[in-house]
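What follows is a set of notes on a single structure, which appears directly below.
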Amino acid sequence: MKKGILILASALAFSVVACKQKASDKVSNEEVAEAAERDAKVGEFPVMKFEELEHDFGSINEGDIVRHTFKFTNEGKTPLVITNAKGSCGCTVPSYPKEPIAPGATSEMVVKFNSNGKPNQQTKTVTITANTETGTEKIKIRASVTPKPKKEEAKS
């Protein structure tokens with residue numbers, strides 16, 4: 001029993017003595033500078049700036065497949081990475097760059113719209129998932145779709 005208490009007391013004394021060294025003595029000035037630089041960059045995000053956020057195809061015929069190219073620039077200080085782009089319905093299909101877009105560089109996103117079965121006024125949204133500050137960006141397309149003429153039933 002005495003031996004156990006003696007071992008416990010010496011372990012406690014050793015831990016107290018070992019902790020007396022200041023943690024700040026272990027940090028070099030170089031490490032502090034690296035941490036400050038890293039922390040300064042935490043607030044930097046790429047900025048996806050489109051030439052236009054919405055495109056109107058005007059009047060098209062039902063069944064037409066139309067496409068539009070949205071041009072954008074990364075106005076941020078870090079590379080822009082687009083991880084996904086999705087249309088608000090299956091008739092709207094975006095194609096986006098898979099490689100990172102460097103700061104100051106421009107790129108394009110093509111949006112294809114299939115008007116088959118979509119008569120009348122249409123507004124579709126493409127939601128872009130990227131490493132921007134908000135995490136998502138949105139662009140829109142519009143079209144006034146003229147319905148297909150109805151086939152007249154054959155008279156008996």
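All values below come from the heavy atoms of this structure, side chains included, with hydrogens, waters and symmetry mates left out.
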Please check if the side chain of [X] supplies one atom and the backbone of [Y] the other of a donor-acceptor pair under 3.5 Å.
X: Asn131; Y: Pro79; value: yes
X: Ser144; Y: Ser59; value: no
X: Thr73; Y: Glu75; value: no

Reported [atom1]-to-[atom2] distance for the pair [X] and [Y], which is rounded to 0.5 angstrom:
X: Asn116; Y: Glu62; atom1: CG; atom2: CD; result: 6.0 Å
X: Thr69; Y: Lys71; atom1: OG1; atom2: NZ; result: 7.5 Å
X: Glu137; Y: Thr129; atom1: CD; atom2: OG1; result: 10.0 Å
X: Asn114; Y: Lys124; atom1: CG; atom2: NZ; result: 11.0 Å
X: Lys138; Y: Thr125; atom1: NZ; atom2: OG1; result: 6.5 Å
X: Arg67; Y: Ser95; atom1: CZ; atom2: OG; result: 8.0 Å

Among residues two or more places apart or on two chains, list those pairs meeting disulfide bond (SG atoms under 2.5 Å apart) that have a residue in residues 46-75.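 Sorted pair list comes back empty.
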
Side-chain ion pair, Glu54 and Arg142, N-O less than 4.0 Å: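 Salt bridge: yes.
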
Do Pro103 and Lys77 come within less than 4.5 Å of each other through their side chains, counting heavy atoms only?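 No, too far: nothing below the 4.5 Å cut-off.
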
Pro97 and Glu108, any side-chain heavy atoms less than 4.5 Å apart: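 With C-beta onward as the side chain, the pair stays apart.
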
Clusters formed by hydrophobic residues whose side-chain heavy atoms approach within less than 4.5 Å: which one holds Leu53, and what are its other members?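 When side chains under 4.5 Å apart are linked, the cluster holding Leu53 also contains Met48, Phe50, Phe57, Ile60, Val66, Phe70, Phe72, Leu80, Ile82, Tyr96, Ile101, Met109, Val111, Phe113, Val126, Ile128, Ile139, Ile141, Val145.
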
Applying side chain to side chain contact (heavy atoms under 4.5 Å, CB included), run through Lys112 and Ile65 and close with a yes or a no. CA-CA 7 Å; Lys112 185 169 67 170; Ile65 298 174; 3.6 Å; yes

Take Glu52 and His68 through the test side chain to side chain contact (heavy atoms under 4.5 Å, CB included) and record every step on the way to the result. CA-CA 11 Å; Glu52 60 181 334; His68 180 71; 2.4 Å; yes

When you check the side-chain N and O atoms of Lys49 and Asn74, is any donor under 3.5 Å from an acceptor? no

Among side-chain atoms of Gln122 and Ser115, is any donor-acceptor pair under 3.5 angstrom?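 Absent: no donor and acceptor within the cut-off.
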
Give me the atom names and distance for the closest heavy-atom approach of Pro94 to Lys86.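 That closest heavy-atom pairing would be CG-N, 3.9 Å.
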
